[in-house]
2 protein chains.
Amino acid sequence: MPKSVAITPAPALTSPFRSKSEREQDRAEKREAVLLAAVRMFNARGYHAASLDDVAASLGISKPTIYHYLGNKEQVLVECVNRGLSMLREAADVAAGAPGSGHDRLRAFLLRYACINMDDFGRCVIRTSEEVLSMDSATRFRARKREIDEAVRGMIAQGIADGSIAPVDVRFASFALAGALNWPARWHDPEGPLKPDEVAEKLVDIALGGLTPRN
Amino acid sequence: MPKSVAITPAPALTSPFRSKSEREQDRAEKREAVLLAAVRMFNARGYHAASLDDVAASLGISKPTIYHYLGNKEQVLVECVNRGLSMLREAADVAAGAPGSGHDRLRAFLLRYACINMDDFGRCVIRTSEEVLSMDSATRFRARKREIDEAVRGMIAQGIADGSIAPVDVRFASFALAGALNWPARWHDPEGPLKPDEVAEKLVDIALGGLTPRN
DNA sequence: CAATCAATATACTCACCAGTAGATAAAATA
DNA sequence: TATTTTATCTACTGGTGAGTATATTGATTG
């Protein structure tokens, strides 16, 4: 008698007949591919200078196909920005629930924050200025950025409370850190020799430690 | 005998007849007015979204008048950026020739740097990304920014040498400082309650001092 | 005074690009 | 098998905005 191996429901890994959920996943994948191509074009040329025709061409498809997956150009941008914001938000939540002093938690978060800012969607968050969005989207964008900022301020305040951070002005400290760690979204070259991890660590060390000597 | 006061060449302060040099100055003033209106529009809406028609309208003139004073839209932007860069360059030269430790000179320069970045033309330097420029202009732009960056690195290196700055990685220190002090070009509101001087001082103190407590 | 130059305007051209109409074909569903 | 749904295309519309052609007027110069 043959072994009972061949009776499993149907391997069908390469079948051209897709189930409903498979089709939904196909669609989601294509949508993601559009967003990735778009965010790269936006980052490379700026939102206004990047045309959806070019995005489509970079995927070997036509512009109406993009409209089949996304409503309009602004929605494409908004989705890209939201992906970046979600990554930042998640990092903030992780840091908030982590053990250690305020300084430790802040440091861990900032490392992740800096890395996200050197990634496609994170760069887009930094490089997208509110002027290009509709008032409605701009409001939501601002609110989500504010959440991240508040998380940072919270960590700084806790660090001050537990003595692991110097008694600085919380608001300006958060601005200064954000600036130092957002800036790589402008200058860091993903193709270059500097790895995001290293950049993040060096910048965070300098931003937290300062330049004034300690003794 | 009367005093010899009334014999001066001719006051003529309100004469409608302008000399050649006066006409040249008129022209230069109008050119400046165009640049100022343009840089504000660029800062408010972004280069691509700001049309020269709008810039002209904001001055109560027509677009061809702008072309009478400047060659094309890119040249308008380049002139704006150059004004900002010149301010930064001058600040760097002043700081380089000032007395005091490396730390002192760096600090003085950074205060000025941050203020320039909150001014019309300085903001434009920060907000203009190379992708919007022709390759030629982008090269020149990069070179001039590099000069400023090298001045900063020089001051840091000197500070390390004379012991007034901790032995940090010079390149990353300069990136971190630049980021922290460029960022206000994105968020500072000239109409708001925060005065550039105060912002600059707070940010510079945090950037140089860091967040880690000293004892 | 005639000829030229400077400053400005109106009214265009041309290219690009977001977004749409409508066709087609394949797959899914009834 | 007939009908509907999905994915995709080609070909368009409509608006916007950079840059130009050309006219006008007033001042400058020979």
Side-chain angles (χ1 to χ4, degrees), chain A residues 12 14-35 37-39 41-42 44-80 128 131-134 137, chain B residues 12 14-35 37-38 41-42 44-80 131-134 137:
Chain A
T14 52
S15 162
F17 302 94
R18 339 278 340 257
S19 72
K20 181 161 191 190
S21 74
E22 279 173 325
R23 286 201 316 275
E24 273 163 9
Q25 196 190 323
D26 274 15
R27 191 181 163 86
E29 266 171 34
K30 288 180 185 174
R31 216 178 114 105
E32 286 309 307
V34 169
L35 292 176
V39 80
M41 197 73 78
F42 293 161
R45 305 194 189 166
Y47 177 70
H48 286 293
S51 81
L52 289 188
D53 277 308
D54 290 342
V55 174
S58 81
L59 288 164
I61 62 176
S62 69
K63 183 170 53 173
T65 301
I66 293 182
Y67 282 87
H68 184 65
Y69 291 98
L70 292 147
N72 55 36
K73 194 183 181 186
E74 192 191 353
Q75 201 196 328
V76 175
L77 178 62
V78 167
E79 289 278 323
C80 290
T128 297
E131 311 100 51
V132 314
L133 296 171
S134 69
S137 301
Chain B
T14 53
S15 161
F17 302 94
R18 339 280 338 260
S19 71
K20 182 160 189 190
S21 75
E22 278 172 327
R23 286 200 318 273
E24 272 163 10
Q25 196 190 323
D26 274 15
R27 189 179 165 87
E29 265 171 35
K30 288 182 184 171
R31 216 178 115 105
E32 285 310 307
V34 169
L35 291 176
M41 197 72 78
F42 293 160
R45 304 193 190 168
Y47 177 71
H48 285 294
S51 81
L52 290 188
D53 276 310
D54 290 342
V55 173
S58 80
L59 288 163
I61 62 176
S62 69
K63 183 170 54 173
T65 301
I66 293 183
Y67 282 87
H68 184 67
Y69 291 98
L70 291 147
N72 55 36
K73 193 183 181 187
E74 194 192 350
Q75 201 196 328
V76 175
L77 177 61
V78 167
E79 289 277 323
C80 291
E131 310 100 52
V132 313
L133 296 171
S134 68
S137 301

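The structure displayed is predicted, hence computed values, not measured ones.
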Nearest whole Å is fine: how far is [N] [atom2] from [X] [atom1]?
X: B/H68; N: D/dG19; atom1: NE2; atom2: P; result: 17 Å
X: B/Q25; N: C/dA6; atom1: CD; atom2: C1'; result: 17 Å
X: B/Y67; N: D/dA21; atom1: OH; atom2: P; result: 13 Å
X: B/R27; N: C/dC5; atom1: CZ; atom2: P; result: 14 Å
X: A/M41; N: C/dC17; atom1: CE; atom2: P; result: 11 Å
X: B/E74; N: D/dG19; atom1: CD; atom2: C1'; result: 14 Å
X: B/D26; N: C/dA6; atom1: CG; atom2: P; result: 14 Å
X: B/I61; N: C/dT8; atom1: CD1; atom2: P; result: 7 Å

Margin query: So, under a plain 3.5 Å distance rule, would you say the side chain of A/K63 forms a donor-acceptor pair with the base of C/dG19?
Written below: yes
Can you tell which of [options] lies closest to the side chain of [X]?
X: B/P64; options: C/dA11, C/dA6, C/dA18; result: C/dA11
X: A/S62; options: C/dA7, D/dC9, C/dG19; result: D/dC9
X: A/N72; options: C/dA6, D/dT6, C/dG19; result: C/dG19

Atom [atom1] in [X], atom [atom2] in [Y]: separation rounded to 0.5 Å?
X: A/L52; Y: A/S58; atom1: CG; atom2: OG; value: 10.5 Å
X: B/Q75; Y: B/Y67; atom1: CD; atom2: OH; value: 10.5 Å
X: A/K63; Y: A/D54; atom1: NZ; atom2: CG; value: 10.0 Å

Query raised in the report: What is the nucleic acid contact for B/T65, judged by heavy atoms within less than 4.0 Å: base, sugar-phosphate only, or nothing?
Result: sugar-phosphate
(message) So B/K30, base contact, sugar-phosphate only, or nothing? Heavy-atom distance under 4.0 Å.
(response) sugar-phosphate
Notebook entry, point to check: Do B/L59 and B/I66 have side-chain heavy atoms sitting under 4.5 Å apart?
Noted result: no
Side chain to side chain, B/H68 and B/K30, heavy atoms closer than 4.5 Å = no
Worksheet item: Between A/Y69 and D/dT6, is there a side-chain N or O to OP1/OP2 distance below 4.0 Å?
Response: no
Regarding A/K73 and the six-membered ring of A/Y47, is the cationic atom NZ or CZ under 6.0 Å from the ring centre and inside 45° of its axis? yes
Backbone N/O of A/L35 and side chain of A/E79: donor-acceptor pair under 3.5 Å: no
Contact check, residues 47-58 of chain B vs DNA chain C, heavy-atom distance under 4.0 Å, returns none
